[in-house]
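Notes to accompany the following structure.
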Amino acid sequence: MASTVNLFIFLISIFICTANPTFCSTSESRRQLLLTPSPSPSPSPSPSPLPLVVILSNLGFNDLANASLNSSISTINFPLTIFAPTDSSLLTCPSCSIPLLLQEHSVLGLYSFHFLQSLAFGTKIETLAPTRCLTITPSRSRNSSKAVFVNGVEITKPDIYNNGFIIFHGIQGYVSHLSPISCRIESMTTLSFPFLPPPTAAFAATRSMLKDVMGRLRTGGYTMVALAMRVKYPELSDLKLMTIFAMDDSSIFGVGIGHEYVANLGFHIVPNRLLMASELMELAPNTELMTMDKGGKLVVTTAGGNGPLVPMRINYVKVKNFDLVYNKRIVVHGLSRPFPRIRLHQQADESTRISVRFSSTVK
């Protein structure tokens with residue numbers, strides 16, 4: 001067939017030369033171009049992607065590299081994003097299965113750091129581990145950039161590897177296995193407890209008030225406090241009144257306390273008392289406030305009403321925002337950091353030292 005086509009082209013060229021001799025006097029190469037078909041370009045073979053173990057080893061994730069040999073994702077054949085814990089982070093969970101952690105920190109699709117920054121707070125992404133989801137929590141702007149946390153652990157090395165087929169982000173902090181209910185929107189914490197509301201009259205009266213406050217806290221930048229209240233819902237719903245001292249999300253992640261704040265939420269709640277700003281400011285120094293934490297008390301270390309230069313402090317912590325959220329049964333005040341635990345004799349000694357310093361200054 002090819003010889004027939006070449007013969008046909010040759011006959012056409014003879015006809016053209018007979019009609020126009022100038023055309024044929026150009027060069028032999030032009031006739032060769034007409035007679036010789038152009039070779040079809042052969043596709044260059046694309047390089048095969050590196051094995052997962054090689055990539056992890058090159059990036060310095062040695063424990064994950066060893067675990068990947070026994071993992072179902074050892075051969076990468078789909079777009080993937082891996083939030084890789086450092087070797088030191090894996091030491092925080094000695095009982096964890098590292099191959100399972102690798103699955104729980106791997107998600108289908110390409111999630112660049114810029115895209116993660118644009119996600120809504122609390123976005124859940126399903127992992128390669130069945131019924132396990134990671135919770136993405138971008139923080140507020142900080143130095144014209146946003147930090148991103150994965151289940152409370154910060155991405156410290158974003159986009160350390162990206163070949164258009166797989167993305168790696170390095171994370172540093174405490175890691176643990178994901179909860180079986182981690183994909184549920186209303187259970188955005190690994191500290192999960194069964195929801196068993198106590199059958200009391202106070203529960204029926206307080207339930208709507210709690211939902212109102214939690215909803216407003218979530219939209220106001222206090223999502224972690226709202227989630228912690230959800231965890232303690234059975235206990236809180238049995239209270240008639242309550243005063244809550246809360247930290248915003250950026251402060252919680254900024255000081256790196258994460259789940260510790262959730263566990264110590266009871267120490268930041270005064271039960272059965274509605275202490276609005278006006279009443280709180282009238283409390284005298286050394287006034288003790290009972291909390292939901294058994295044996296834990298709050299102490300007014302600096303009374304209110306002394307102006308912005310001497311703000312009110314409880315357990316030496318400044319009350320940053322008064323009456324942040326409130327209704328008929330609940331009031332929330334904002335803090336800059338969590339309450340430390342102090343002993344009464346420690347507080348008394350501190351007051352004595354302050355008095356002594358003041359007296360010496362006057363003299």
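Both backbone and side-chain heavy atoms feed into the values below; hydrogens, waters and symmetry mates do not.
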Which donor-acceptor pairs under 3.5 Å do the side chains of residues 109-119 make with protein atoms, sequence neighbours left out?
{"from": "S112", "atom 1": "OG", "to": "F115", "atom 2": "N", "distance (Å)": "3.3"}
{"from": "Q117", "atom 1": "NE2", "to": "K146", "atom 2": "O", "distance (Å)": "2.8"}
{"from": "S118", "atom 1": "OG", "to": "F115", "atom 2": "O", "distance (Å)": "2.6"}

Legend entry - Selection residues 52-71 - residue pairs positive for ring pair (Phe, Tyr, Trp, His ring centres under 6.0 Å), sequence neighbours left out: none
Legend entry - Partner residues of K157 under the side chain to side chain contact (heavy atoms under 4.5 Å, CB included) criterion, sequence neighbours left out: I160
Inset, instruction - Please identify each residue that fulfils side chain to side chain donor-acceptor pair (under 3.5 Å) with N66, with sequence neighbours left out. - result: none
Inset, instruction - Check the hydrophobic clustering (I, L, V, M, F, W, Y; side-chain heavy atoms under 4.5 Å; chains of links allowed) and say if L80 and L100 are grouped together. - result: no
Legend entry - Summary of side chain to side chain donor-acceptor pair (under 3.5 Å) pairs that have at least one residue in residues 83-94, sequence neighbours excluded: T86-S88, T86-S89, T86-Q172, S88-Q172
Legend entry - Which residues share a ring pair (Phe, Tyr, Trp, His ring centres under 6.0 Å) with Y326, sequence neighbours left out: none
Inset, instruction - Check the pair H333, I244 against side chain to side chain contact (heavy atoms under 4.5 Å, CB included), reporting the backbone distance first and the verdict last. - result: CA-CA 6 Å; H333 305 294; I244 302 174; over 6 Å; no
Inset, instruction - Taking salt bridge (charged side-chain N to carboxylate O under 4.0 Å, His left out) as the test, write out the residues that go with K320, two or more places apart. - result: D248
Legend entry - Pairs where residues 274-287 contributes a residue and the test salt bridge (Lys or Arg N to Asp or Glu O under 4.0 Å) is met, not counting sequence neighbours: R273-E279
Inset, instruction - Quick one: list whatever passes side chain to side chain contact (heavy atoms under 4.5 Å, CB included) with T131, sequence neighbours left out. - result: none
Legend entry - Member of I269, V332, L217 meeting the side-chain contact (heavy atoms from CB on, under 4.5 Å) criterion with M229: L217
Inset, instruction - Determine the minimum heavy-atom distance between V153 and Y174, stating which atoms define it. - result: CG2-O, 2.9 Å
Inset, instruction - For the residue pair T137 and D249, establish whether any side-chain heavy-atom pair is separated by less than 4.5 Å. - result: no
Inset, instruction - Kindly state each residue pair satisfying disulfide (SG to SG under 2.5 Å) with at least one member in residues 90-132, sequence neighbours excluded. - result: C93-C96
Inset, instruction - Give a yes or no on whether V150 and I167 share a hydrophobic cluster (residues Ile, Leu, Val, Met, Phe, Trp, Tyr; joining criterion: side-chain heavy atoms under 4.5 Å apart). - result: no
Legend entry - Contacts of type side chain to side chain contact (heavy atoms under 4.5 Å, CB included), residue R216, not counting sequence neighbours: D212, V325, N327
Inset, instruction - Apply ring pair (Phe, Tyr, Trp, His ring centres under 6.0 Å) to F339 and list each qualifying residue two or more places apart in sequence or on a separate chain. - result: F245, H268
